[in-house]
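Notes to accompany the following structure.
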Amino acid sequence: KVQVGRTGTLTPVAVFEPVLVAGTTVTHASLHNEDEIKRKDIRIGDTVVIEKAGEIIPQVVETVASARTGREKKFVMPGKCPACGADAKREEGEVAVRCENVFCPAQLKESIIHFASRTAMDIEGLGESITDQLVDKGLVKDYGDIYSLKAERLERLDRMGDKSANNLEDAIAGSKNRPLNRLIYALGIRHVGEHIADILARRYGSIDNLSGQKKEDLVKVS
């Protein structure tokens, strides 16, 4: 299957029969990109060898060509986003295929999850299940909408009682005190990880200053 990440990247994922690897049962493994699938000649219906990279992340090591029956099919990356149906294209010189719709709901969900993660704004309670509901119900359409959420509205979500709703509202309010570098990282800007976010925060001091910079100024930052 193909998953859509927060930057719109379409990532092929292998789905296989449950197998015990290094003490846990796994059923999925990232295939990274179209080039990697071609390099390993992985086909739909193949028997594959699985291992855990660093004993943590499941990966497909190779296919078992001798087990092929002739019914296996070559995988083709979709030309449309599986989440929103918008065009998905691969830019020249890149391995990633990306959805071109900036309003893609799958991108928004992944972006919100990243925004709320521990190393970003650290909003405890705003996980995958709650994020899915907030986006599907139209309650959150961008980062700013998170800060308008109140306990009374959150209580209507599945698996969200009175106490959980109040805890999440408090966690959202508390995240307003995070330092600038955490906010910059939380925004999920392509190529801006934690280290670059630290540099930008020290250099510009505020979001207003940062957003006013031109490309020529940013490339000089070190």
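What you see is a predicted model; the values in this text were computed from it and never measured.
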Task: Option passing side chain to side chain contact (heavy atoms under 4.5 Å, CB included) with F75 (candidates I42, D46, V2) - done: V2
Once you round to the nearest 0.5 Å, how far does [atom1] of [X] lie from [atom2] of [Y]?
X: N167; Y: I172; atom1: CG; atom2: CD1; answer: 11.0 Å
X: T24; Y: I56; atom1: OG1; atom2: CD1; answer: 10.5 Å
X: K80; Y: E100; atom1: NZ; atom2: CD; answer: 9.5 Å
X: L200; Y: L218; atom1: CG; atom2: CG; answer: 7.0 Å
X: E92; Y: R90; atom1: CD; atom2: CZ; answer: 10.5 Å
X: L20; Y: I50; atom1: CG; atom2: CD1; answer: 12.5 Å

Tell me which donor-acceptor pairs under 3.5 Å the side chains of residues 147-160 have, and how far apart each pair is, sequence neighbours excluded?
residue : atom : partner : partner atom : Å
Y147    : OH   : S175    : OG           : 2.8
S148    : OG   : D145    : O            : 2.8

Membership question, hydrophobic clusters at under 4.5 Å side-chain separation (ILVMFWY): are [Y] and [X] in the same one?
X: V13; Y: I57; result: no
X: M77; Y: I37; result: yes
X: V192; Y: L187; result: yes
X: L31; Y: V4; result: yes
X: I189; Y: I113; result: no

- [ ] Determine, stepwise, if the pair L210 / L180 fulfils side-chain contact (heavy atoms from CB on, under 4.5 Å).
- [x] CA-CA 11 Å; L210 175 58; L180 178 62; over 6 Å; no
Check whether any side-chain N or O of [X] sits under 3.5 Å from a backbone N or O of [Y] as a donor-acceptor pair, and report yes or no.
X: Q107; Y: N101; answer: yes
X: N166; Y: D162; answer: yes
X: N181; Y: A201; answer: no
X: K40; Y: V60; answer: yes

Is there side-chain contact between [X] and [Y], with at least one heavy-atom pair below 4.5 Å?
X: V19; Y: V26; answer: yes
X: R68; Y: T63; answer: yes
X: L168; Y: I130; answer: yes

Task: salt bridge (charged side-chain N to carboxylate O under 4.0 Å, His left out) evaluation trace for D217 with R203 - done: CA-CA 11 Å; D217 301 317; R203 175 67 177 81; over 6 Å; no
Residue pair [X] / [Y]: nearest heavy atoms and the distance that separates them:
X: P58; Y: H28; value: CB-O, 3.6 Å
X: L10; Y: A88; value: CD2-CB, 3.8 Å
X: C99; Y: C104; value: SG-CB, 3.9 Å
X: E216; Y: V219; value: O-CG2, 3.2 Å

Open item on the list: salt bridge (charged side-chain N to carboxylate O under 4.0 Å, His left out) for K109 and D136? Distances and angles first, verdict last.
Closed with: CA-CA 9 Å; K109 289 176 181 179; D136 291 343; 2.9 Å; yes
Open item on the list: As a quick check of understanding, evaluate side-chain contact (heavy atoms from CB on, under 4.5 Å) for Y185 and H114, giving each step before the final call.
Closed with: CA-CA 9 Å; Y185 173 64; H114 171 76; 3.4 Å; yes
Open item on the list: If you apply the rule salt bridge (charged side-chain N to carboxylate O under 4.0 Å, His left out), what do you find for E194 with R182, and how did you get there?
Closed with: CA-CA 8 Å; E194 292 179 73; R182 296 272 291 274; over 6 Å; no
If you look only at distance, which donor and acceptor atoms sit under 3.5 Å apart when one is on a side chain in residues 120-129 and the other is two or more places apart or in another chain?
none

Open item on the list: Pair T7, R190 - check side-chain contact (heavy atoms from CB on, under 4.5 Å), show working.
Closed with: CA-CA 7 Å; T7 61; R190 280 182 65 191; 3.7 Å; yes
Open item on the list: Distance alone, cut at 3.5 Å: any donor-acceptor contact between the side chains of T9 and T11?
Closed with: no
Open item on the list: Please determine whether a side-chain nitrogen of the Lys or Arg among R98 and D87 lies less than 4.0 Å from a carboxylate oxygen of the Asp or Glu.
Closed with: no
Open item on the list: Strictly below 4.0 Å, N to O, side chains only: are R43 and D41 in salt-bridge contact?
Closed with: yes
- [ ] Give the intermediate values and the outcome of side-chain contact (heavy atoms from CB on, under 4.5 Å) for residues I207 and I184.
- [x] CA-CA 8 Å; I207 283 291; I184 294 172; 4.1 Å; yes
Open item on the list: For F115, give me all partners under ring pair (Phe, Tyr, Trp, His ring centres under 6.0 Å), at least two apart in sequence or on another chain.
Closed with: Y143
